[in-house]
Amino acid sequence: TQARALAQRGSEGYNKMRTAGPSSPLHPPRQQFSLFGGIMRVYLSGPMSGYNNHNFEAFNEMAAWLRARGHEVVNPAEMGVIGDENAPYETHAEKLPMYLRRDLPAMLTCDGVVLLDGWGKSRGACAEVWVAKKCGLDFYVPTTASSYYRALMKVSAPECSGEPHE
């Protein structure tokens, strides 16, 4: 299709297609951007606060796996730490609004959200999931059938104990 051809030409064509809008002939139906049928832009959501090196290893590993399969990845671990990364854990929790203001606009440019292990215990990830759900983004979780095989499974909009109330 025209959309797939644009996407394969690189980010310039992909960005044209993404900004064309739903009524444009350049904007394909969402089904064409599944992990199983073409290129997709995904956001990684998971826990960071309280983890060694902010859990960047898990984020970067998933980003590399997705990119090796041709997907475009928005990885908050690549956006860096706000302020002093050696500050106490409580200080990072106080920075949650700053991280959300930075990360949510990037997430909203994506077709879906990949949920990393432990996301449901993270206040930041729960806030991201709540916004993504309200905006109609798709959700995916990594699965492993063995140590040699990994896949992503599409899931319905998840619930989170830290979800904001309306």
Side-chain angles (χ1 to χ4, degrees), residues 1-49 54-83 95-120 122-142 151-160 162-164 166:
T1 66
Q2 183 181 11
R4 190 168 297 202
L6 280 174
Q8 289 173 345
R9 280 191 220 138
S11 61
E12 180 183 327
Y14 188 78
N15 287 335
K16 265 189 202 173
M17 179 181 54
R18 286 192 53 74
T19 58
S23 60
S24 167
L26 288 177
H27 197 278
R30 182 169 287 256
Q31 296 86 325
Q32 290 185 10
F33 285 97
S34 74
L35 285 166
F36 309 105
I39 294 172
M40 189 164 88
R41 181 176 168 91
V42 293
Y43 179 84
L44 301 183
S45 182
M48 288 186 164
S49 293
H54 308 288
N55 205 19
F56 285 180
E57 185 177 335
F59 279 81
N60 293 333
E61 180 184 312
M62 180 56 68
W65 185 82
L66 288 163
R67 288 177 178 137
R69 281 143 188 84
H71 302 292
E72 192 174 339
V73 180
V74 175
N75 180 1
E78 294 170 353
M79 296 181 202
V81 176
I82 295 174
K95 293 180 185 174
L96 180 62
M98 289 185 279
Y99 282 106
L100 291 174
R101 285 186 191 128
R102 180 194 70 186
D103 297 352
L104 288 175
M107 180 187 75
L108 293 176
T109 67
C110 297
D111 303 300
V113 176
V114 174
L115 301 170
L116 301 181
D117 192 36
W119 73 270
S122 164
R123 290 182 302 150
C126 286
E128 292 166 346
V129 165
W130 187 83
V131 171
K133 195 183 324 184
K134 295 296 182 185
C135 294
L137 298 182
D138 293 327
F139 294 94
Y140 301 88
V141 294
L152 284 183
M153 180 173 65
K154 186 174 180 180
V155 295
S156 59
E159 295 298 322
C160 183
E163 184 171 311
E166 294 183 21

(message) Counting C-beta onward and ignoring hydrogens, is there a side-chain heavy-atom pair between Glu159 and Val129 closer than 4.5 Å?
(response) no
(message) Looking at Trp119, is its backbone amide N or carbonyl O close enough to the side chain of Ser122 to form a donor-acceptor pair, meaning the two atoms are under 3.5 Å apart?
(response) no
(message) Looking at every non-hydrogen atom in both residues, tell me the closest pair between Leu100 and Gly124 and how far apart they are.
(response) CD2-O, 4.0 Å
(request) Please round to the nearest 0.5 Å and tell me the distance separating atom CG of Asp138 and atom NZ of Lys133. (result) 13.5 Å
(request) Check the surroundings of atom CZ in Arg101: do more than 12 heavy atoms from other residues, nucleotides or ligands lie under 6.0 Å from it? (result) no
(message) Tell me whether the count of non-hydrogen atoms from other residues, nucleotides or ligands lying under 6.0 Å of CD in Glu57 goes above 12.
(response) no
(request) Check whether any side-chain N or O of Asn55 sits under 3.5 Å from a backbone N or O of Pro47 as a donor-acceptor pair, and report yes or no. (result) yes
(message) Donor-acceptor check, side chain of Arg102 to backbone of Met79, threshold 3.5 angstrom: yes or no?
(response) yes
(message) For a quick test of reading the model, state the closest non-hydrogen atom pair linking Cys126 to Gly120 and the distance between them.
(response) SG-O, 3.5 Å
(message) Testing the basics here: between Met107 and Ala132, what is the closest heavy-atom pair and its distance to 0.1 Å?
(response) CE-N, 3.7 Å
(message) Please report the interatomic distance CD(Glu72) to OG1(Thr109), rounded to the nearest 0.5 Å.
(response) 7.5 Å
(request) Nearest 0.5 Å please: distance from the CG atom of Leu44 over to the CD atom of Glu128. (result) 10.0 Å
(message) Please identify which of these residues, Asp103, Leu137, Val114, meets the side-chain contact (heavy atoms from CB on, under 4.5 Å) condition with Tyr43.
(response) Asp103
(request) Taking all non-hydrogen atoms of both residues into account, name the closest pair between Leu115 and Pro158 and its distance. (result) CD1-CG, 3.7 Å
(message) Could you tell me if the side chain of Met48 sits less than 4.5 Å from the side chain of Phe56, heavy atoms only?
(response) yes
(request) State, yes or no, whether a side-chain contact exists between Leu66 and Leu152 at a heavy-atom distance under 4.5 Å. (result) yes
(request) Start with the C-alpha distance between Phe59 and Val73, add both sets of side-chain angles, then the distance that settles side-chain contact (heavy atoms from CB on, under 4.5 Å), and finish with yes or no. (result) CA-CA 10 Å; Phe59 279 81; Val73 180; over 6 Å; no
(message) Could you measure the distance from the CE atom of Met40 to the OH atom of Tyr140? Nearest 0.5 Å is fine.
(response) 3.5 Å
(request) Drop me the distance from Lys95's NZ to Ser49's OG, to the nearest 0.5 angstrom. (result) 9.5 Å
